[in-house]
A.B. asks: 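First, the structure itself, so that you have it in front of you.
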Amino acid sequence: MLSIRTFGTLQLDDDGELITLPASRKTRALLAHLLLSETPQRRDRLCELLWEIPDDPRGALRWSLSKLRPLINVGEEVRLHADRERVWIDSATLSIDFLKVRALADDANASPAQLAAAWESASGLLLEDCELPNQPSFALWLEQQRNEAIRFRIKLARRLALSPNLSPQEAEKWAERWRTEVPYDPFAAQHAVFSIRRLGREKEAKALAESLERAFGEAGLALPDWSPGPGTPPPAAPPADPGAAQRPHQAIRFVRTSDDISLAWASVGNPANPPLVKAANWLSHLELDWEAPIWSPLFRSLATTQHFVRYDGRGCGLSDWTVPEINLETFVTDLEVVVDAAGLDRFPLLGISQGAAVSIEYAARHPERVSHLILFGGYAAGWRHIATPEQVREREAVMVLTETGWGRTNPVYRRLFSSTFMPTATPEELEWFDEFQRRTTSPENAVRFLDAFADIDVRDRLQDVQAPTLVVHSRNDLRIPAATGHALAAQIPGAQFVGLESENHLLLGREPASLEFVAAVRRFLAN
């Protein structure tokens, strides 16, 4: 089997024989990105990630792939695949240390010897010879992967420190490593002191406790409890994985529609939990928005109690961008394809913004499958059905500006949307959203989406909704007025309405309204 080492310098080993990698740092960086991403990557995204615009990015990508094919496709195995839009590596016959360490860190049945070996193998700096200082997007991706690697090491050291199958001497060694990895974790500090006391080294334990007290005090943190004495039980064990609920791992898959469009969909959270499906809305990217400083906290919170399923609509994100039709009908049929691929028979459905209209139409068509309907910031009719002549001219002007300016470096055109979607966002959050929109779809598709949203009309379907419905709306939403949400709740039989104290059409993960939204959804689903 072809083995790949990513900790330290990137290395390929074919049954004990090292394979010489290309001298090009960008080619090695491309290989690393494909290996750790685990999902097909769009060619245009790879070009943006690794090459400067003045160069010929597509030509450079083809050249790099030609150098990698003979290295990856050894042993008559075709592992490196590429089509007109995507590139990916099939890792089924590869042994990749990063993925093995991640799996062992989460494997409840792994032995102490396996955990220790995984910790040792992850001791080097991840991909130390693949840094590209002049490529900020790749640098950000690499930093995220290195942070993930640190979390693996913390989890491994923690599990070994708390293992009942290790001798006190071994446990003390791992307790100290755990504390070193997270110097301000009170649980790690407690166990480091306790493990020394358990060995009868009270003077040393006291000195460490005093040192840690000074460090915690200088950092303005609450002091851990050092009260247990020699021979007493250890302090109460910390949660199984502190913070894991905020860092669930999502699995991305692909499914094809009847008109041969590839749709990317993701599931996250325990499959044994009740499902929650989110209809696609403007705009999405399964990888980028999961790490977003804006709504990812909301998504991650929902995924702690639900098996959360969402997808990129056709024309954006990881789904195909070259598509023949973008309209309400394709929005609904794409949702049908995704829930079938996910194997869901009956489920709650969440629709945000224009995704609310898609969800209403789906619920009306399939009353037997939708157990609950949740609509946030939604509307039943696009602006072409309700706008004044002056508003029509304004909206059409925005579409022209979008087509001419969407892909430009200057964000002024995209900021037309950002400022109304999230008027209370910080400059950093607006900057992120500007860049996110540019990387999520093409200028042509951005206009096609706006055109399709303007034509949406499900007003005659509101009375056909049979599922219990919750309508949630920001009271001061600048994009879609709260009165629109009131009208939805009034026309859907038995619908409940919840207003949130926010001006944002897309909730910021840090604002109190985001927590209120999650709480309202959980209460509604529980009832």
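Here, residue 1 is the first one in the sequence, and each next residue gets the next number. From a predicted model like this one, the values you see are computed outputs, not experimental measurements. Values below: all heavy atoms of this structure, side chains included; hydrogens, waters and symmetry mates excluded.
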A.B. asks: Please find the pair of heavy atoms, one from Leu71 and one from Val74, that lie closest to each other, and give the distance.
C.D. replies: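 Closest approach of Leu71 to Val74, heavy atoms only: O-CG1, 3.4 Å.
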A.B. asks: Show the nearest heavy-atom pair for residues Phe254 and Ser262, with the distance to one decimal.
C.D. replies: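 Shortest heavy-atom contact: CD2-OG, 3.5 Å.
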A.B. asks: Only counting residues at least two apart or in another chain, list the ones meeting side-chain contact (heavy atoms from CB on, under 4.5 Å) with Ser123.
C.D. replies: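 Counting only residues at least two positions away or on another chain, Ser123 forms a side-chain contact (heavy atoms from CB on, under 4.5 Å) with Arg153.
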A.B. asks: With a cut-off of 6.0 Å (strictly less than), are more than 12 heavy atoms of other residues, nucleotides or ligands near NZ of Lys173?
C.D. replies: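 Yes.
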A.B. asks: Would you mind checking if Glu143 and Arg146 are paired as a salt bridge, meaning a charged N to carboxylate O distance below 4.0 Å?
C.D. replies: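 Here Arg146 does not pair with Glu143 in a salt bridge, since their nearest N and O are not under 4.0 Å apart.
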A.B. asks: If you take all heavy atoms of Ser514 and Leu507, which pair is closest and at what distance?
C.D. replies: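 It is CA-CD1, 4.0 Å.
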A.B. asks: Could you report the tightest heavy-atom contact between Cys130 and Ala32, atom names first, then the distance?
C.D. replies: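 Nearest pair, atom of Cys130 first, then Ala32: SG-CB, 4.4 Å.
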A.B. asks: By ring pair (Phe, Tyr, Trp, His ring centres under 6.0 Å), which residues pair with Trp88, not counting sequence neighbours?
C.D. replies: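 So Trp88 forms a ring pair (Phe, Tyr, Trp, His ring centres under 6.0 Å) with His81.
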A.B. asks: For Leu115, is there any backbone N or O sitting under 3.5 Å from a side-chain donor or acceptor partner on Arg159?
C.D. replies: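 No; judged by distance alone, with no hydrogens or angles, the pair does not exist.
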A.B. asks: Mind checking what makes ring pair (Phe, Tyr, Trp, His ring centres under 6.0 Å) contact with His372, not counting sequence neighbours?
C.D. replies: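 Testing His372 for ring pair (Phe, Tyr, Trp, His ring centres under 6.0 Å), a comparison that skips the adjacent residues, returns Phe524.
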A.B. asks: With rounding to the nearest 0.5 angstrom, report the OG to CZ distance, Ser121 to Arg5.
C.D. replies: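 Nearest 0.5 Å value for the OG-CZ distance: 6.5 Å.
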A.B. asks: Does Asp44 have any side chain to side chain donor-acceptor pair (under 3.5 Å) partners at least two apart in sequence or in another chain, and if so, which?
C.D. replies: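 Asp44: side chain to side chain donor-acceptor pair (under 3.5 Å) contacts with Arg42.
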A.B. asks: Looking at Val472 and Phe517, what are the two nearest heavy atoms and their distance?
C.D. replies: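 So the two residues come closest at CG1-CD1, 3.9 Å.
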A.B. asks: Side chains of Thr424 and Glu511: do they bring a donor and an acceptor to under 3.5 Å?
C.D. replies: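 There is no such pair between these side chains.
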A.B. asks: Examine distances only and state if a side-chain atom of Asp90 and a backbone atom of Val78 form a donor-acceptor pair shorter than 3.5 Å.
C.D. replies: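 A pair under 3.5 Å: no.
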A.B. asks: State whether the side chain of Asn73 and the backbone N or O of Leu80 hold a donor-acceptor pair below 3.5 Å, judged by distance alone.
C.D. replies: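 Side chain of Asn73 to backbone of Leu80: a pair is present.
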A.B. asks: Restricting to side-chain contact (heavy atoms from CB on, under 4.5 Å), what partner residues turn up for Ala205, sequence neighbours left out?
C.D. replies: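 Ala205: side-chain contact (heavy atoms from CB on, under 4.5 Å) contacts with Val193, Ile196, Arg197.
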A.B. asks: Who are the side chain to side chain donor-acceptor pair (under 3.5 Å) partners of Arg201, not counting sequence neighbours?
C.D. replies: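 Residues passing side chain to side chain donor-acceptor pair (under 3.5 Å) with Arg201: Glu204.
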A.B. asks: Once ring pair (Phe, Tyr, Trp, His ring centres under 6.0 Å) is applied, what residue pairs with a partner in residues 18-39 remain, sequence neighbours excluded?
C.D. replies: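 Every ring pair (Phe, Tyr, Trp, His ring centres under 6.0 Å) pair that includes a residue of residues 18-39, provided the two are not neighbours, is His33-Trp141.
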A.B. asks: Could you pull out every donor-acceptor pair under 3.5 Å between side chains of residues 266-280 and any protein atom, sequence neighbours left out?
C.D. replies:
unit_1: Ser267; atom_1: OG; unit_2: Arg253; atom_2: NH1; d: 3.0
unit_1: Asn270; atom_1: OD1; unit_2: Ala272; atom_2: N; d: 2.8
unit_1: Lys278; atom_1: NZ; unit_2: Asn281; atom_2: OD1; d: 2.6

A.B. asks: How long is the gap from CD1 on Ile96 to OG on Ser91, to the nearest 0.5 Å?
C.D. replies: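 Answer for the CD1-OG pair, Ile96 versus Ser91, is 5.0 Å.
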A.B. asks: Return the set of residues passing side chain to side chain donor-acceptor pair (under 3.5 Å) with Ser64 (not counting sequence neighbours), or none when no residue passes.
C.D. replies: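 In terms of side chain to side chain donor-acceptor pair (under 3.5 Å), with neighbours along the sequence ignored, Ser64 is linked to Thr27.
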A.B. asks: Grab the two heavy atoms, one from Val338 and one from Tyr311, that are nearest each other, plus how far apart they are.
C.D. replies: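 Scanning both residues, the minimum pair turns out to be CG2-CG, 3.7 Å.
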A.B. asks: So how far is it from Asn504 CG to Met422 CE, rounded to the nearest 0.5 Å?
C.D. replies: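 If I round to the nearest 0.5 Å, the distance is 7.5 Å.
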A.B. asks: Is there a donor-acceptor pair closer than 3.5 Å between any side-chain N or O of Arg158 and the backbone N or O of Ala188?
C.D. replies: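 Looks like no, no N/O pair under 3.5 Å.
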A.B. asks: Under the ring pair (Phe, Tyr, Trp, His ring centres under 6.0 Å) rule, collect the residues that match up with His366, sequence neighbours excluded.
C.D. replies: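 By the ring pair (Phe, Tyr, Trp, His ring centres under 6.0 Å) rule, His366 matches Tyr362.
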A.B. asks: Roughly how far, to the nearest 0.5 Å, is CZ of Phe299 from CD of Gln250?
C.D. replies: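 Gln250 CD to Phe299 CZ: 10.0 Å, rounded to 0.5 Å.
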A.B. asks: Checking Trp174 now: which residues fulfil ring pair (Phe, Tyr, Trp, His ring centres under 6.0 Å) with it, not counting sequence neighbours?
C.D. replies: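 Here the qualifying residues are Trp119.
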A.B. asks: Does Glu176 offer a backbone N or O that forms a donor-acceptor pair with the side chain of Thr180 under 3.5 Å?
C.D. replies: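 Yes, Thr180 side chain to Glu176 backbone: donor-acceptor pair under 3.5 Å.
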A.B. asks: Would you say Ser319's side chain and Ala264's backbone share a donor-acceptor pair under 3.5 angstrom?
C.D. replies: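 Yes; at least one donor-acceptor contact below 3.5 Å.
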A.B. asks: Return yes if some donor-acceptor pair links the side-chain N/O of Arg346 with the main-chain N/O of Glu368 below 3.5 Å, else return no.
C.D. replies: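 Checking the backbone N and O of Glu368 against the side chain of Arg346, a donor-acceptor pair under 3.5 Å is found.
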A.B. asks: For the atom pair CG (Leu61) and CD (Gln41), what is the distance rounded to the nearest 0.5 Å?
C.D. replies: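 These two atoms lie 11.5 Å from each other.
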A.B. asks: Quick one: are Trp178 and Leu162 in side-chain contact, heavy atoms under 4.5 Å?
C.D. replies: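 In short, these two side chains touch, coming nearer than 4.5 Å.
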A.B. asks: Is a side-chain donor or acceptor of Asp334 paired with a backbone partner of Leu263 at a separation under 3.5 angstrom?
C.D. replies: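 Absent.
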A.B. asks: In Å and rounded to the nearest 0.5 Å, what is the OG to CG distance from Ser111 to Asn165?
C.D. replies: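 Those atoms lie 9.5 Å apart.
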A.B. asks: Any donor and acceptor pair, going by atom type alone, linking the side chain of Arg310 with main-chain N or O of Leu286 inside 3.5 Å?
C.D. replies: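 Between the backbone of Leu286 and the side chain of Arg310 there is a qualifying donor-acceptor contact (under 3.5 Å).
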A.B. asks: Check the pair Ile72 / Leu31 against side chain to side chain contact (heavy atoms under 4.5 Å, CB included), numbers first and verdict last.
C.D. replies: CA-CA 9 Å; Ile72 295 297; Leu31 174 58; 3.6 Å; yes
A.B. asks: List the residues meeting side chain to side chain donor-acceptor pair (under 3.5 Å) with Ser284, not counting sequence neighbours, and say none if there are none.
C.D. replies: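 Counting only residues at least two positions away or on another chain, Ser284 forms a side chain to side chain donor-acceptor pair (under 3.5 Å) with Asp312.
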A.B. asks: Taking Ser195 for its side chain and Ala192 for its backbone only, find out whether a donor-acceptor pair lies under 3.5 Å.
C.D. replies: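 It does hold such a pair.
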